[in-house]
Peer 1: 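Can you keep this structure in mind? I'll have questions shortly.
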Amino acid sequence: MQVEVQFHSYFKDLTGCSRVTETVEPGCTLQELRDRLEARFPKLAAMRKSALVAVGVDYQPMTYVLKDGDEVSLFPPVQRG
Amino acid sequence: MQVEVQFHSYFKDLTGCSRVTETVEPGCTLQELRDRLEARFPKLAAMRKSALVAVGVDYQPMTYVLKDGDEVSLFPPVQRG
Amino acid sequence: MKRQLIIGPEPIDEARLASERVMSPEMGAVVCFLGVVRGSEEGTSIAAIDYEAFEKMAVHQFNLLFDEMEKRWPVESVRLVHRTGVVKVNEPSLWVEVIAPHRGEAFAACQWLIDEMKRVVPIWKRAVKENAEKPKR
Amino acid sequence: MKRQLIIGPEPIDEARLASERVMSPEMGAVVCFLGVVRGSEEGTSIAAIDYEAFEKMAVHQFNLLFDEMEKRWPVESVRLVHRTGVVKVNEPSLWVEVIAPHRGEAFAACQWLIDEMKRVVPIWKRAVKENAEKPKR
């Protein structure tokens, strides 16, 4: 099944793209997807602690099980100060 | 020597006037003046705990020694809420 | 710190006050407060509030508060308008604006100023009942 | 609770927003906050800030915050405008207004909303240097 992944803010600079489509197995969690993306875009791995992850318009924990057609977003912490 | 005394807000209703002139001895304190005013206007005595007292434009303690020409103001707590 | 203080009977003209705002490029936060006359006071419905100020002392006490505010927070500008006389329900009687570099200090300074004002600045309220004459002074 | 949310590139029109305010006679407090772009960011001087929003999620997250705000405080109305795109130094990028019966709850709700917004609403800042081109996306 396929999920869309969007990058926002300077994560687009880190990956060099704003959106990728990933093919994953049923049962795949956000954590597994993220591991794959970090292998593909090593600069993302350095941001692991601060990165925020959403599915659709909601934040989701790393244990979230992906569904076909999910839109995943990865982005840095939102504006501060 | 003479001091002016002004009443504000509903203290004017309690005393029935907005201003009186009192003749006091040198060395007279705010406390002594207040005792006199409360004897003259008994309804003021009931407000003793909450009343505020200023000389000119500044709050003063009851130990303040009055000077000739002082303008003393007595009034209820200011707006709340 | 810039200060502007108006105590008087004229209605508060928010649009004009906003248009007259001046702030330097180092300022990031503007906090405004409007205190509006509510339709009831201690459970009974009212038509207006009549504000009485001991004006000379009120000006002095506001300035003492501004002095203290300036010591406590890096406020660039404070402007305050307090109406006197009869202010109808739903109209503002108080407008306060505080400008500071960051929002934390702007909020803290603005709230502190209003709290202190209600403690020490000699302005009193008197409810005006519906269909009532203006109360005697 | 009335809600109005605008996320977009248009300049914030404070006067119009103020003129459109609606409040019932039971409300006594209006707190407004303006967040203004400062002339320096981490010590270096800047010309503007470029705001990027993940708009669909930002709208949803703002509405979750409004839901929570309504549970916590007796707020009658919240209105919030956040600019996107390039906002020059000294111009506001954020305008928030909270209306409640009393000032304590209006101040608390407004500050809470801004703090939470900066934590969860996906809008990012990017400094635009002086004499620089608009940054690439």
Side-chain angles (χ1 to χ4, degrees), chain B residues 2-22 29-31 33-34 37-38 40-81, chain C residues 5 7 33-44 46 48-68 80-87 89 92-94 96 111 113-128 134-137:
Chain B
Q2 293 203 315
V3 295
E4 285 279 315
V5 181
Q6 288 186 56
F7 304 106
H8 294 281
S9 184
Y10 63 80
F11 278 24
K12 285 180 296 207
D13 304 330
L14 299 181
T15 60
C17 64
S18 63
R19 159 188 299 268
V20 293
T21 303
E22 289 285 316
T29 63
L30 264 187
Q31 185 61 63
L33 176 66
R34 197 173 172 177
L37 292 166
E38 287 175 1
R40 183 160 154 199
F41 304 110
K43 287 177 183 168
L44 271 189
M47 309 310 295
R48 166 162 283 212
K49 278 189 181 163
S50 60
L52 297 172
V53 185
V55 178
V57 293
D58 284 298
Y59 292 99
Q60 293 294 353
M62 287 301 110
T63 52
Y64 175 89
V65 176
L66 291 161
K67 294 192 290 288
D68 191 34
D70 268 349
E71 290 188 335
V72 175
S73 297
L74 262 85
F75 47 82
V78 299
Q79 46 171 325
R80 290 277 161 78
Chain C
L5 174 65
I7 301 174
F33 175 77
L34 268 179
V36 178
V37 174
R38 301 173 69 206
S40 64
E41 187 93 326
E42 288 159 16
T44 44
I46 63 166
I49 287 183
D50 190 10
Y51 290 90
E52 176 190 345
F54 175 19
E55 202 168 315
K56 181 174 63 170
M57 182 169 171
V59 169
H60 176 69
Q61 293 293 324
F62 268 127
N63 276 296
L64 292 178
L65 294 179
F66 296 160
D67 291 343
E68 180 69 20
L80 190 149
V81 184
H82 202 307
R83 278 185 75 179
T84 53
V86 175
V87 183
V89 166
S93 55
L94 172 66
V96 187
Q111 287 178 274
L113 177 61
I114 301 168
D115 289 345
E116 287 299 296
M117 176 196 105
K118 304 237 172 197
R119 209 171 56 80
V120 301
V121 175
I123 300 177
W124 301 272
K125 311 201 284 192
R126 200 187 284 242
V128 181
K134 192 177 156 177
K136 272 186 303 185
R137 285 261 166 86

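Sequence lines set the chain letters: A, B, ... in the order given, protein chains first and strands last, and positions in each chain run from 1.
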Peer 1: Roughly how far apart are B:S9 OG and C:I123 CD1, rounded to 0.5 Å?
Peer 2: 12.0 Å
Peer 1: Could you give the distance from CD (C:Q61) to OH (B:Y59), rounded to the nearest 0.5 Å?
Peer 2: 5.0 Å
Peer 1: Between C:W124 and B:P76, is there a donor-acceptor pair closer than 3.5 Å when you use the side chain of the first and the backbone of the second?
Peer 2: yes
Peer 1: Minimum heavy-atom separation for C:H60 and B:V57, please, with both atom names.
Peer 2: CD2-O, 3.0 Å
Peer 1: What residue, out of C:A58, C:G35, C:P122, has the most heavy-atom pairs lying under 4.5 Å from chain B?
Peer 2: C:P122
Peer 1: What part of B:S18 gets within 4.5 angstrom of chain C, counting heavy atoms only: side chain, backbone, both, or neither?
Peer 2: neither
Peer 1: Is there a side chain to side chain contact (heavy atoms under 4.5 Å, CB included) between C:M57 and B:F75 once you walk through the steps?
Peer 2: CA-CA 12 Å; C:M57 182 169 171; B:F75 47 82; 3.9 Å; yes
Peer 1: Which bit of C:L64 is near chain B, if near means a heavy-atom gap under 4.5 Å: side chain, backbone, both or neither?
Peer 2: side chain
Peer 1: With a 4.5 angstrom heavy-atom cut-off, is it the side chain or the backbone of C:V120 that approaches chain B, or both, or neither?
Peer 2: both
